[in-house]
Amino acid sequence: MKQSNKKHILARYLLVVGFMLMFSSLIIYDTFKTTVIYAHQWESKADSLWLDTTEIEPERGKILADNGTVLAANMNFFTARVDFGSAGIKDDTLRRYLPALCDSLAAFDPSRSKTAAQWKAEILEARAKRKTSFRLFKKLSHNEFEHLKQFPFFNKRQRESGLYAEKQNARCKPYGMMASRSIGNVSERVDTVYNKATGRRRIVSHGYHGHSGLEMALDSLLYGVPGKAQNIQLTNNAVKWSIVPAISGYDITTTINVQLQDILEEELSSMLKESNARWGTAVLMQVQTGEIKAISNLEWNEEAGDYVEGRNNAVLGYEPGSVMKPISMMVALENGTVKNIDAKWETGAVWNYCGRPIKDPHGGAALSPREIIEMSSNIGMSKITVQAYGNNPDGFRQQLVKMGFFEPYHSGIGGEMEPKFAHLPNNNGGRVALTRMAFGYTTEIPPLHILGMYNAIANDGKYVCPHLVKKLSRAGEPDSIVPVRYIRRQVCSPENAAKLRQCLHDVVWGPHGTARKWVQSDLVEIAGKTGTAYIIGKDGRYGSTKRLAFCGFFPYSHPLYSCVVLMLGADRGAGASSGVVLKNVALKMYARGLLDNKSDYRVSAAGHVPAAPTLYATDSKSRAANLNNGIGLKTAKVLARPGAGASKVVPNVVGLSAREAIGRLERRGMTVRTQGYGYVVEQSLAPGQRYTRGEMVYLKLKN
């Protein structure tokens, strides 16, 4: 029995030894094959791995405002984490510093989402579980992370505190949503590569590239030139050695002015909310250069419950409505159909042309070209256009082609479209379509192209190209400046441009102008045109919802800026919505001295003679006289001064400053409420009447 067991044990040992010898033989054979037989192949493969190059992504260029303010740039952010599994962390040390650390973390947290007690509970739990990646904060700047390292316990060596940071690079916009759609966004561009030898697929990154706005339109300039790196074996480790350095992208200075952008966005947003519109777009441009100083695209967002930066409607095509009429009138002036803008044309209220009626709510029996624009007459504009092109409907489009109307701007705004005008056949259908084109239907024109033509009218016929890019620079050194580019040196003659300016002036200042009630201002003289276009519904018919436009320029006597505003679905007319936006933008620019204006007081609407300011002296007639004599004015006034008066009757505080009036009334035991700013012009309780202690008195103040 014992002999039999011994034989079985020996057999097993021999079997195990045999397997081990066989396995060892295979290892020795493969080693010999690798190091001797196929040595040159493996050496070649190893060399190829070391010589293999990888791409170094360049630093993406910054997008700047016209004064160098950063609108978009790459920034390094840090996610602060703690490795609670670190062997260097001592529990007694952590607990000793924990109260002070948690207080510091609670105070440091910008969202105030956790109290010191909550921080303490989470840290103790993370330490108990020996978490190696406990996140404290994300998206910290370098300075914020350095500040975090000074907190109790974290100010120790990394091994003892466990604190470390993950570095991330992100594209940031310091001004948030301001002009965000025009600036654009970036995203990582990746490809899937299939390896036939291994049968595997791998993701290859080509860096971050723009996919909208300026980021997309100027991506080749912003991205830069990738570099190349190679794996190099050093004494202690292997590193990636740069053999071809990456070249950073250009910093692009745009034409955007931050102050004007803020004004435009604020006024557009305010009107959208006031008129319950669906969306709105506005563009402000410098007349002589074509520089786009501000652009805003806002639309209602249900989730946000507010108007947010939306798609770039400024460069998308829409039926423009009556803002097309001045462009049609420009064609008529240039081809000689209209010579005298004061000559009368027979119009009427209804005109049947080729079996299709045109109704004119603004029309009259006979109107001049000036009145046709002022009153926005569809019939008048159609008759003028038909007289020139009734026998050749496509001639209207051909004339616009000669004027450069369809040429792309390459403004730098992503997604820019060109105007769409159908080629019209020489039949009744083409003639009917021609009449509609003349007053802004059966076409699709981006608001930016409408603005470009109005800007030419303001610029004596010089058709400059709207653009967003001002200059390129790299490493702080200017590389190139983008010059003023002309679509046409003269899209129309200076004489015809002056006639068109007069027509647009009448729209705001004429007795029957469609914008006279809304856009007039005695501070800034504005000229422009209203436009209304009904939109086509899902049933293919025009519904009741309207797009409302106003395009114009200011100041009228020496145009500096042109502006277009387009809104969808506002609950009021074009002048009262889009026109008011433009007017308020102009007034705010005037108030800030941005229209080459020096004074800040009103002018007389009748004679345009500056009105002298009124100065106030608060102590005596002698002070008022000194002001008059010293400055050469005759308008200094003496304000009422605080006096004792009767103790049981209401004092007279009219003429006092707000501080003096409130003080005097409150000393008598009355409660004061004020309305307005400046000096008291009216009080609710008459002077001299008796009052009870604590009684309310309302004061109306005015400068």
Side-chain angles (χ1 to χ4, degrees), residues 176-182 260-284 294-324 361-362 376 439-441 444-448 450-451 507-508 513-521 526 528-552 563-589:
M177 297 305 294
M178 180 181 287
S180 178
R181 183 66 62 170
S182 299
L260 297 181
Q261 181 68 37
D262 184 54
I263 291 172
L264 189 72
E265 286 194 9
E266 182 181 350
E267 290 305 321
L268 180 62
S269 176
S270 177
M271 180 53 69
L272 288 171
K273 293 174 182 176
E274 186 179 325
S275 63
N276 300 308
R278 298 183 193 175
W279 57 255
T281 184
V283 184
L284 180 69
I295 178 170
S296 182
N297 296 276
L298 300 175
E299 62 184 35
W300 177 254
N301 184 284
E302 287 290 346
E303 293 183 4
D306 199 358
Y307 290 92
V308 300
E309 188 76 17
R311 65 178 182 171
N312 219 325
N313 290 303
V315 293
L316 301 181
Y318 300 101
E319 286 184 317
S322 293
V323 288
M324 179 64 193
H362 305 295
S376 199
F439 55 82
Y441 281 87
E444 290 183 11
I445 307 174
L448 188 63
I450 295 290
L451 178 62
V507 173
V508 180
T514 56
R516 68 188 186 281
K517 293 181 180 179
W518 309 104
V519 186
Q520 284 187 15
S521 168
I526 299 168
K529 181 72 182 76
T530 55
T532 303
Y534 291 90
I535 67 171
I536 299 175
K538 294 181 180 179
D539 58 358
R541 299 181 179 181
Y542 287 103
S544 59
T545 305
K546 296 176 284 189
R547 278 187 297 269
L548 304 161
F550 188 87
C551 191
C563 183
V564 64
V565 183
L566 179 66
M567 300 171 64
L568 175 65
D571 59 11
R572 59 202 65 186
S577 55
S578 297
V580 171
V581 173
L582 187 148
K583 171 188 171 182
N584 289 342
V585 168
L587 290 177
K588 282 193 173 181
M589 292 174 67

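With sequence neighbours left out, the side chain to side chain contact (heavy atoms under 4.5 Å, CB included) criterion links R311 to E299, N313, L316, Y318. Y542 is linked by a ring-ring contact (aromatic ring centres under 6.0 Å, His included) to Y441, counting only residues two or more places apart in sequence or in another chain. With sequence neighbours left out, the side chain to side chain contact (heavy atoms under 4.5 Å, CB included) criterion links A515 to V507, V508, V519, T530, F550. K546 pairs by the side-chain hydrogen bond (donor to acceptor under 3.5 Å, both in side chains) definition with nothing, not counting sequence neighbours. In this structure S322 satisfies the side-chain hydrogen bond (donor to acceptor under 3.5 Å, both in side chains) test together with K325, S376, sequence neighbours excluded. Residues forming a side chain to side chain contact (heavy atoms under 4.5 Å, CB included) with N312 (at least two apart in sequence, or on another chain): R181, S182, I295, N297, A314, V315, I413. In this structure, W518 has no ring-ring contact (aromatic ring centres under 6.0 Å, His included) partners at least two apart in sequence or on a different chain. Evaluation of the side-chain hydrogen bond (donor to acceptor under 3.5 Å, both in side chains) rule for E302 yields W300 as partners, not counting sequence neighbours. In this structure, the side chain to side chain contact (heavy atoms under 4.5 Å, CB included) partners of D262, at least two apart in sequence or on a different chain, are M178, E266. Not a single side-chain hydrogen bond (donor to acceptor under 3.5 Å, both in side chains) links E444 to another residue, sequence neighbours left out.
P320 approaches I450 most closely through the heavy-atom pair CB-CD1, 4.1 Å. Closest approach of V323 to C551, counting heavy atoms only: CG1-N, 4.3 Å. When all heavy atoms of E319 and R547 are compared, the pair lying nearest together is N-NH2, 3.5 Å. Across P447 and V564, no two heavy atoms sit closer than the pair O-CG1, 3.8 Å.
Under a 3.5 Å cut-off, the side chain of S275 and the backbone N or O of M271 do form a donor-acceptor pair.
Annotation: salt bridge (Lys or Arg N to Asp or Glu O under 4.0 Å) contacts involving residues 271-281, sequence neighbours excluded, comprise K273-D306, E274-R572.
With a 4.5 Å cut-off on side-chain heavy atoms, L568 and T545 count as touching.
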